[in-house]
Number of protein chains: 2
Amino acid sequence: MENTSYSYLSREGNLASIASLGRSVFFPSNTTIFEQGSAAKYLYIVGEGVIRISRHLQDGQRYVMAFLKKGDICGVPETGTYLNCACTLSPTQLFKVNVSVLEKRSSDHGELFSELLLKTVTQIRIQQDRLIMTARCDVPTKVAMFLLDLCENFGCFCEKTGILTLPMPRSDIADYIGIAIESLSRALQVLTKQNVINRIDCRHLNIDVGRLRAAATP
Amino acid sequence: MENTSYSYLSREGNLASIASLGRSVFFPSNTTIFEQGSAAKYLYIVGEGVIRISRHLQDGQRYVMAFLKKGDICGVPETGTYLNCACTLSPTQLFKVNVSVLEKRSSDHGELFSELLLKTVTQIRIQQDRLIMTARCDVPTKVAMFLLDLCENFGCFCEKTGILTLPMPRSDIADYIGIAIESLSRALQVLTKQNVINRIDCRHLNIDVGRLRAAATP
DNA sequence: CGAACAGTTGAAGACGATCAATCTGAGTGG
DNA sequence: CCACTCAGATTGATCGTCTTCAACTGTTCG
C-alpha cells in the first residue's frame, strides 16, 4: 500500500497541535462533562480515563454512542449544541479547547479543510442517528424513517401528486435497513393498512407525509 | 442559538472549493465507481444522481452503508484503500478530485484541520463497522466483539494474567451494544460455556484472547 | 411465449425482549 | 464482626417479532 498520495491523513493522529491550544482539566469519576442539548463551546481531547458518550431519547431510553479513551475526541460542533452527553467512568484528564480558537484558525487557512470537516462531522451525526434507529426501532418504524428520508432529501418525491419514486430495488433498501427483503415487504403492508402509504407499483408509492412522519417517530 | 463561535463549521457545506479542484465525470446507471479494497486515489462529490455505497462482508452478505445524493461526498481516504464500493443507481455526474491535490493543500496550511479531519474520518469508519455489527451479528458475537475491543484498545486488559477489568457497569455495555441487560448476561454465559471467558467477579473476566477473537468473527 | 428476475405471501421456527424472581456484593450502622 | 440494605447482576419462563425457507405472482426482455 503506497503511502504518498494520502499522507495528509496518515500521519500520527495525536491531535497534539489542537491539544496545545487548550488547557488541561480534570474530572473525578462519574461526572458529567457536558449535557445533551447545551451550547457546544468546547471541544475535548481525552488524556487519561474513560468517558461514556450517550444519547437520551424522547421515550426515556438511553443509547450509549461510544466509550472514549486516550487520544479520542468529543464535542466537535456541528449544530452549535451538543447532541450527546459525556460522562466520566473513571477519574479523567482532558484537554479543553475553546471552539472559537478553531474558528480563528479556520479564517487563517483556506476553506477547503473546514468544508471537508463539516461534511464528515455531518456524516457522523447521520450515522449516529442511524445507529440508534438500527438498534432500537421495530421494522415498520425503520421503513417509515427510510421513506421519510427519501421524501425529504432525495428529490424523488412529488409534493403535488404525493407520489414517491423509489430510486432503488427492494434488496438495496433491505440491506440498508439491515432487514430481510420479506420483512421489508411485510412492513410496507403494515404501513399500507395504516393508510400511511399506498402502493401504485413496486417503484411508486402514494405517501401521506403527515402520517408517515408519525409512523417514523419511535 | 448563537452563531458566532462555530461559524467555521456552519457555513454552507457545498464543497465548491474542493469540487473546483477536480473535474466533472459522468457514469451511466448501474455502474461501479470504485471497488471495495482498491487504492483510494480519488475523492468524489456527487453532482447529480443517486449512488449506493455498500460493503461486502466475508460471509458473502452485503450491507448498504449509504445512499448518496447531490452534494454528498465519498472516497475520503483514511487507510489508503476504499473500504466500501460505490455504484450508481441512476445516471450520475460527479466531481472527481485527486487525493494528491488535498495532500498538496495540506502542507500549505497548518496541521490542525487535517488532524481533526483524520479523527473524524476514523470515527466514521468505526461507526460503519459498528453499524454492520448492530445490524448483522447475533448477541454473543456482539458481546465478543465488544470485549475484544476493550482488550485491544482500552488498556484494561492485563496480558500477563489474562484478566480484563471492565471499566463500566452492565447497563452501559447493554445500552452500547443495543441489547437488554438480561441478554448481555446470557451472552456472557454462552461465552463462558465455550471457554472463551471465565467470570471472576462481575467486573473481572479471565479471557482466552484467541478464542475471543474467533467468537468475535461473524 | 417463456425465461429470469423482482417482489409478495404463507408457515415454521429461532432469537431476543420482557417480566418476575432470585442472587451477589459493596456499603452502612448496630 | 455481623446482620441489613439496596443497587447491580443473574436466572427462569413466556411471548412477540423477525428470519428463514418455500411457494407463488408479477414484470421485463429476449
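In what follows, every heavy atom counts, from backbone to side chain, and hydrogens, waters and symmetry copies are set aside. Proteins come first, then strands; the chains are lettered A, B, ... in the order of their sequence lines, and each starts at number 1.
For B:Asp59 and D:dT20, the CG to P distance is 11 Å, given to the nearest whole Å. When the C1' atom of D:dG26 is taken as reference, atom NE2 of A:His204 falls 15 Å away, rounded to whole Å. Whole-Å rounding puts the A:Asp138 CG to D:dC18 C1' distance at 11 Å. Distance, A:Lys142 NZ to D:dT19 C1': 12 Å, rounded to whole Å. Atom CZ of A:Arg136 and atom P of C:dG16 are 15 Å apart (whole Å). Rounded to whole angstrom, the span from the CD1 atom of B:Ile181 across to the C1' atom of D:dA7 amounts to 11 Å. Between the CD1 atom of A:Ile177 and the P atom of D:dT19 there is a distance of 10 Å, rounded to whole Å. Atom CD in A:Glu182 sits roughly 11 Å away from atom P in C:dT8 (whole-Å rounding).
Salt bridge absent: B:Arg170 and B:Glu182 never bring a charged side-chain N and a carboxylate O closer than 4.0 Å. With salt bridges taken as basic N to acidic carboxylate O contacts below 4.0 Å, none links A:Asp175 and B:Arg52. Classification of B:Glu78 and B:Lys119 as a salt-bridged pair fails, no side-chain N sitting under 4.0 Å from a carboxylate O.
A cation-pi contact, defined as under 6.0 Å to the ring centre and within 45° of the axis, is absent between A:Arg130 and A:Phe146.
Both A:Gly178 and A:Cys202 lie near DNA chain D, and the one whose nearest nucleotide falls closer to the 5' end is A:Gly178.
Within a heavy-atom distance below 4.0 Å of DNA chain C, the residues of residues 184-200 of chain A found are A:Ser185, A:Arg186, A:Gln189, A:Arg199.
Direction of the helix axis in the helix from C:dC1-D:dG30 to C:dG30-D:dC1 shifts by 30° between the two five-pair termini, rounded to 10°.
Checking C:dA17, C:dG7, D:dC18 against the side-chain heavy atoms of A:Pro140 singles out D:dC18 as nearest.
With hydrogens and angles disregarded, a donor-acceptor distance shorter than 3.5 Å links the side chain of B:Ser29 to the backbone of B:Leu89.
Within 6.0 Å of atom NZ in B:Lys70, 12 or fewer heavy atoms from other residues, nucleotides or ligands are found, so the atom counts as exposed in its surroundings.
In terms of heavy atoms, B:Ile132 sits closest to B:Arg55 at CD1-CG, 3.8 Å. The two residues A:Thr32 and A:Phe27 have their closest heavy-atom pair at O-CE2, 4.2 Å.
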Please step through side-chain hydrogen bond (donor to acceptor under 3.5 Å, both in side chains) for the pair B:Asn84 and B:Gln128, ending with a clear verdict.
CA-CA 10 Å; B:Asn84 304 303; B:Gln128 286 186 351; 3.1 Å; yes
